[in-house]
There are 2 protein chains.
Amino acid sequence: MALIKLAVLFLAASVCLCSKHKSEKVPKLVNSQYGSLWPLPQSAQISVTAFQLSRSSFQIVHAPKSSAGSRCYLLGEAFRRYFEYTFGYSKRLNKDRKQSGAGAQVSELQVLITSSEPQCDGFPSVSSDESYQLTVDQPTAVLTAPEVWGALRGLETFSQLVYKDEYGTLHINKSEIKDFPRFNHRGILLDSSRHFLPLKVILANLDAMAMNKYNVFHWHIVDDQSFPYQSSLFPELSKEGSYHPYTHVYSPADVKMVIEYARIRGIRVISEFDTPGHTQSWGLGQKGLLTPCYSGEKPSGTFGPVNPILNSTYNFMTQFFKEVSSVFPDAYIHLGGDEVDFSCWKSNPDIQKFMEQQGFGTDYSKLESYYIQRILDIVTGTKKGYMIWQEVFDNGVKLKPDTVVEVWMGNALEEELHNVTSAGYTTILSAPWYLDYISYGQDWQKYYKVEPLSFKGTDAQKKLVIGGEACLWGEFVDATNLTPRLWPRASAVAERLWSHKDVRDTDDAYSRLSQHRCRMVQRGIPAEPLFVGHCDYEYRGL
Amino acid sequence: MALIKLAVLFLAASVCLCSKHKSEKVPKLVNSQYGSLWPLPQSAQISVTAFQLSRSSFQIVHAPKSSAGSRCYLLGEAFRRYFEYTFGYSKRLNKDRKQSGAGAQVSELQVLITSSEPQCDGFPSVSSDESYQLTVDQPTAVLTAPEVWGALRGLETFSQLVYKDEYGTLHINKSEIKDFPRFNHRGILLDSSRHFLPLKVILANLDAMAMNKYNVFHWHIVDDQSFPYQSSLFPELSKEGSYHPYTHVYSPADVKMVIEYARIRGIRVISEFDTPGHTQSWGLGQKGLLTPCYSGEKPSGTFGPVNPILNSTYNFMTQFFKEVSSVFPDAYIHLGGDEVDFSCWKSNPDIQKFMEQQGFGTDYSKLESYYIQRILDIVTGTKKGYMIWQEVFDNGVKLKPDTVVEVWMGNALEEELHNVTSAGYTTILSAPWYLDYISYGQDWQKYYKVEPLSFKGTDAQKKLVIGGEACLWGEFVDATNLTPRLWPRASAVAERLWSHKDVRDTDDAYSRLSQHRCRMVQRGIPAEPLFVGHCDYEYRGL
């Protein structure tokens, strides 16, 4: 009923879409045949036959033949979470009252893991199988997935199929879903250096990521402005480099919690320790690490990028990355490598001398490459793969074949994708999805309309594009505004990265996404509105 | 200490302000001689002599000669509120332990109201006296104000003078403040129609308004999209016109609570019931009120603005505004009058006939003026003054001398201000402060730099500009994101409207405003960050 009224008002509003504002194209509020599903599965057949669900009797269980059983902590937690999402946290009222006139019921969701290695205790990776099949019928719905990662995605889909009628009864339609992601790397970048992000904020956003089938948390954990990562080997780094050594740091326990919270939601945590630029805060706790800048013949007292000519630098980095590679279990570390400013290096006589010795002439990008090359070798020694920002590739640094190049520059984007993939490197795309750039209106549509594979290239090249990331850099966001600024704008990217490339109907998307954002709100995520309207349950926080 | 470290990092960051972003001018973080005062008082002498404050002994009391005493509920509540803001909500520890080595203390703030009518039970108005004087000395600080309204502003200032040293001890410096607002009308417009705003959100924003010395809440309560105002005389209006008749309405008790909560913070509540346009939601609960639009010779089933040719319209409006004028105690009602779309009127044969009878030709702005004129006469009958959007003036409608014209159109702004004031009308400015138009970066500076009196005109004309409003229209905000989007951007407008016109140093403003926003955060308002940095106490909500 509420939905119908909303539709009427939208229609009415289109008579006079003036308002004291820039005029805004009103999306058509269609009634999507796919309800509130987001991101849209690869294949979904939803019949008109509806079954009921009863809070008191419904259960999510391991299928008898599942290779994952009651010892699978990851699935046990997921069953509990999706039961709560579906039925809410309210007390069971009238538990024993018989349902009168109840129709056919779905009383059970069986989860069947088919692989002999269900991955209950594993970490997700770029090659994890996230596919699943979901058959909703009465009295039993069946969710089949090779690994737990697909089961997590399927549980989210199941919960999205459930809806309430106006009497509060829960229903689900007979359905057949076959689903898998279009891209294997679907990430969110959060930046905990420009502003510290309390643990609570990070965890809530991991929840929201799972609701949108994201599978990578790219943690840009340190940068110029602060160093909140508490290192066991080098405690001075956060003691001196964080905004505050007690209240604005991530302890080893905090980091562990983030990783485990992400893991059981099927999300990888890729930490980024960006060097040699973006390292001002490192210098506060690690004397001698940064390049002293000169003003004429004297040190000016300020510092530039990491000093690339000292053995002590590489000794430090070797130890530091050894620690990082054991703290973060993911197979990849992001090493940054972007935006190195050469002016300080140029001012320093020792650096000048080194340039001469190495025969670099005055080409400081050769010095940058020299540094990066040594860092890559160090990280290779820890058995990790690495991701880097596109400049490292652009500068011709020698990369391992399994390197992931992150393309973030908007100009000449398609050319860059062409170049990276024709050199045979795996790549991910973040250029079109810098969500820190806000603007008035429905910018989600802009993010939604991106086609990652529109560049010129062979099929083999296109296969090298393994996904993308929505980046919310931290200059203007902290605990007060990060979550509503990220959602549901990042949801638009989520569908682009998960669903079939032909899923591009913005009217249909608007209908589903409006409902999806209200669902996030009801689950406690303050996702901002797409446009005028309301949710049955508005956000209860502030 | 934390502040010093922050400054170092800012400096450091300026070496390489690249980041993967549009480059952003870094404001200089000066150490303002005015600490965290916001908005800046008209005159403030702050000495270097610092006194301590003790949680266990400090009290805010009525001065013996004050015309307001312990029966003044408004001040009693304010004393409690500002005590809590100043000392926090924590339990008193070591209550009886003697302070060792304590220096001179301020143990009391005496509040002296000098007018024989202190206004404890009154409502603030456009002519309320908000001036105050604050003398901070030991052992007693004295806040003197003619009326309680000035005392409220002075209490806020007192609380802003208190600061913590690094051992947690509270200090306040010997000071002499003389203060009054530059403009009498300093408003925030919130829109509860495009999205419903839960009561909690409105109340929190009234708190934030008081922290910024705002004194008008312009409540754009209904519009096309929904009608959440629950009318006692016409309950169908919200029953049919709201998003939901129980969960998305303001009951009479809700409205009373908003008004009282605002009153005791010295804030007027000016309700806006915008007609004849922006009324789609009215039509759902009041059949026959809106103009039936025609498609050719037949009604199309859609409706346009209020039907201006029917007696029933004016009968309804007479009763409705009689109710509104008694529900909202403020001396002014905002009657809207903006953006009337003529296409529906043009399509309707009855309207065409009426136009002919009245000799309006094809000039539909004459019909609009005819309607508005009758509405103004109706409201005049309720003994209220009215505010209107600028179109009503522009169309030559005859206005009462005490009418307030709100100028919202950005084009030809100075010309409009010239015209309205040379016609002798009071005006307020909102055009430069449409905060719903967001953009990347530090847009607070843009709002801050506005000079409301830069138009050409005599001194007499300039005196007619009584203030301005920051408007946060509701298309893209609801409970999830309204508060951080409004604050501290609206704080920039607050200082422009309160402080002396020569207070324009953006570096000094940045220093004070950064601290002011952290203070808002600590008081529970999720005010977003201005730029990189941190607060000692980050926001604890989500």
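Side chains are part of it too, since the values below use all heavy atoms of this structure and drop only hydrogens, waters and symmetry mates. This one's a predicted model, so the numbers in the text were calculated from it and none came from an experiment. Every chain is numbered from 1, with letters handed out A, B, ... down the list of sequences.
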Heavy-atom closest pair, residues B:H195 and A:P529:
NE2-CB, 3.2 Å
Taking all non-hydrogen atoms of both residues, which atom of A:N481 and which atom of B:P484 are closest, and how far apart?
CB-CB, 3.8 Å
Indicate the ring-plane relationship of A:Y440 and B:F476, choosing parallel, tilted or perpendicular according to the 30° and 60° boundaries.
perpendicular
Does any backbone or side-chain atom of B:R485 lie under 4.5 Å from a heavy atom of chain A? Answer side chain, backbone, both or neither.
side chain
Under a 4.5 Å heavy-atom cutoff, which of B:P305, B:S193, B:S439, B:G277 has the most pairs with chain A?
B:S439
Within this structure, what is the NE2-CG distance for the pair B:H244 and A:D536, rounded to the nearest 0.5 Å?
7.0 Å
May I ask you to check whether A:H248 and B:E538 show a side-chain donor-acceptor distance below 3.5 Å?
yes
Side chain, backbone, both or neither: which part of B:L482 has an atom under 4.5 Å from a heavy atom of chain A?
neither
Using a 4.5 angstrom heavy-atom cutoff, name the option from A:A527, A:A204, A:G283 with the most pairs to chain B.
A:A527
Select one option (side chain, backbone, both, neither) describing which atoms of B:C471 are under 4.5 Å from chain A's heavy atoms.
neither
Of all heavy-atom pairs between B:Y243 and A:G533, which one has the smallest distance, and what is that distance?
OH-N, 3.3 Å
Between A:L530, A:D478, A:I525, which residue shows the highest count of heavy-atom pairs closer than 4.5 Å to chain B?
A:D478
Check B:R194, B:Q225, B:E475 against A:F531 for a side-chain contact (heavy atoms from CB on, under 4.5 Å) and give me the one that passes.
B:E475
Run B:T480 and A:V521 through side chain to side chain contact (heavy atoms under 4.5 Å, CB included) and show every step you take.
CA-CA 8 Å; B:T480 62; A:V521 168; 4.0 Å; yes
